[in-house]
Every structure is written in structure tokens, then in C-alpha cells.
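Working notes, beginning with the structure itself.
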Amino acid sequence: MTITPEGAVSWLEKLGAELESRGFSARLRAGVGRTPFLHVINLAAPVMSETVMVAVDGDDESCFYFPWPERIAPVSDLATAADRVERVLAEVGR
């Protein structure tokens, strides 16, 4: 299975909206011939930022990934994905 750039953009937009509702900045970066990704910034600690992408895992499931690469969660589980991104970018006391 492959995921189209349009499909990745759609899932990243949904994750971005969820993260913005939690107080993060989430900016979609996509361009012709480029892999779309979400740049997420902790507004309470702007030095803390991360990139999130969408890819297919070994089980043929579309998932969110950090770039190092580490699977975050399936795209169908936005709440878990947002929780994990929030945990990675959390400042002390969050």
C-alpha cells in the first residue's frame, strides 16, 4: 500500500488541528515533488519543535512517524498520535 501526498496532507491537517487545540503551533509543509510534513512547535517553549510525517508501516498500515524514524500511531488514531507528540514536546510541568 502507498499513501498519496494528498492523503498524507489530509491526515496531517487533522493531526495539526488536534495539536493546535492543545496549545501547539502546527504548520503543514507541502510542495510539488516534496513529501508533506507537519512542523509542530510548543508555544510555551518554542525551542521544542518536531516534524511529523505519514508513511506506511511494515504491516501495510498508514501511520504518523517522527523523522528519526519512530512510529507514533496509526492515522486512524488521532488522539493517541496527538498524545505522543505532546509528550515528546512537553515542557516541565505540562
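The structure presented is a predicted model; accordingly, all values stated were derived computationally and were not measured.
Minimum interatomic distance between Ala44 and Pro46 (heavy atoms only, all atoms of both residues): C-CD, 3.8 Å. Scanning both residues, Pro36 and Pro5, for their nearest heavy atoms gives CG-O, 3.8 Å. The minimum heavy-atom distance between Ser62 and Val56, with the atom names listed, is OG-CG2, 4.2 Å. Listed here is the closest heavy atom pair of Cys63 and Pro74: SG-CA, 3.8 Å.
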N/O donor to acceptor pairs below 3.5 angstrom from side-chain atoms of residues 10-20, sequence neighbours left out:
{"unit_1": "Glu18", "atom_1": "OE2", "unit_2": "Arg22", "atom_2": "NE", "d": "2.9"}
{"unit_1": "Glu18", "atom_1": "OE2", "unit_2": "Arg22", "atom_2": "NH2", "d": "3.2"}
{"unit_1": "Glu20", "atom_1": "OE2", "unit_2": "Arg27", "atom_2": "NH1", "d": "3.1"}

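Separation of atoms CG (Leu28) and NE2 (His39) is listed at 12.5 Å; rounding is to 0.5 Å. The CG atom of Asp77 lies 11.5 Å from the CD1 atom of Ile72; values are rounded to the nearest 0.5 Å.
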Assess whether side-chain contact (heavy atoms from CB on, under 4.5 Å) is satisfied between Arg84 and Thr80, documenting all intermediate values. CA-CA 6 Å; Arg84 290 186 179 155; Thr80 297; 3.6 Å; yes
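When hydrophobic clusters are built by joining Ile, Leu, Val, Met, Phe, Trp and Tyr residues whose side-chain heavy atoms come closer than 4.5 Å, directly or via intermediates, Val88 is grouped together with Val52. Both Val9 and Val85 belong to a common hydrophobic cluster when Ile, Leu, Val, Met, Phe, Trp and Tyr are linked at side-chain heavy-atom distances under 4.5 angstrom. Criterion: ILVMFWY side-chain heavy atoms under 4.5 Å apart, direct or through other members. Under it, Met48 and Phe24 are part of a common hydrophobic cluster.
Contact of the Glu50 side chain with the Pro67 side chain is registered, since non-hydrogen atoms from C-beta on lie closer than 4.5 Å.
In this structure, Asp57 contributes its side chain and Asp59 its backbone to a donor-acceptor pair below 3.5 Å.
Judged as a ring-ring contact (aromatic ring centres under 6.0 Å, His included), the pairs with a partner in residues 44-90 (not counting sequence neighbours) are, in order, Phe66-Trp68.
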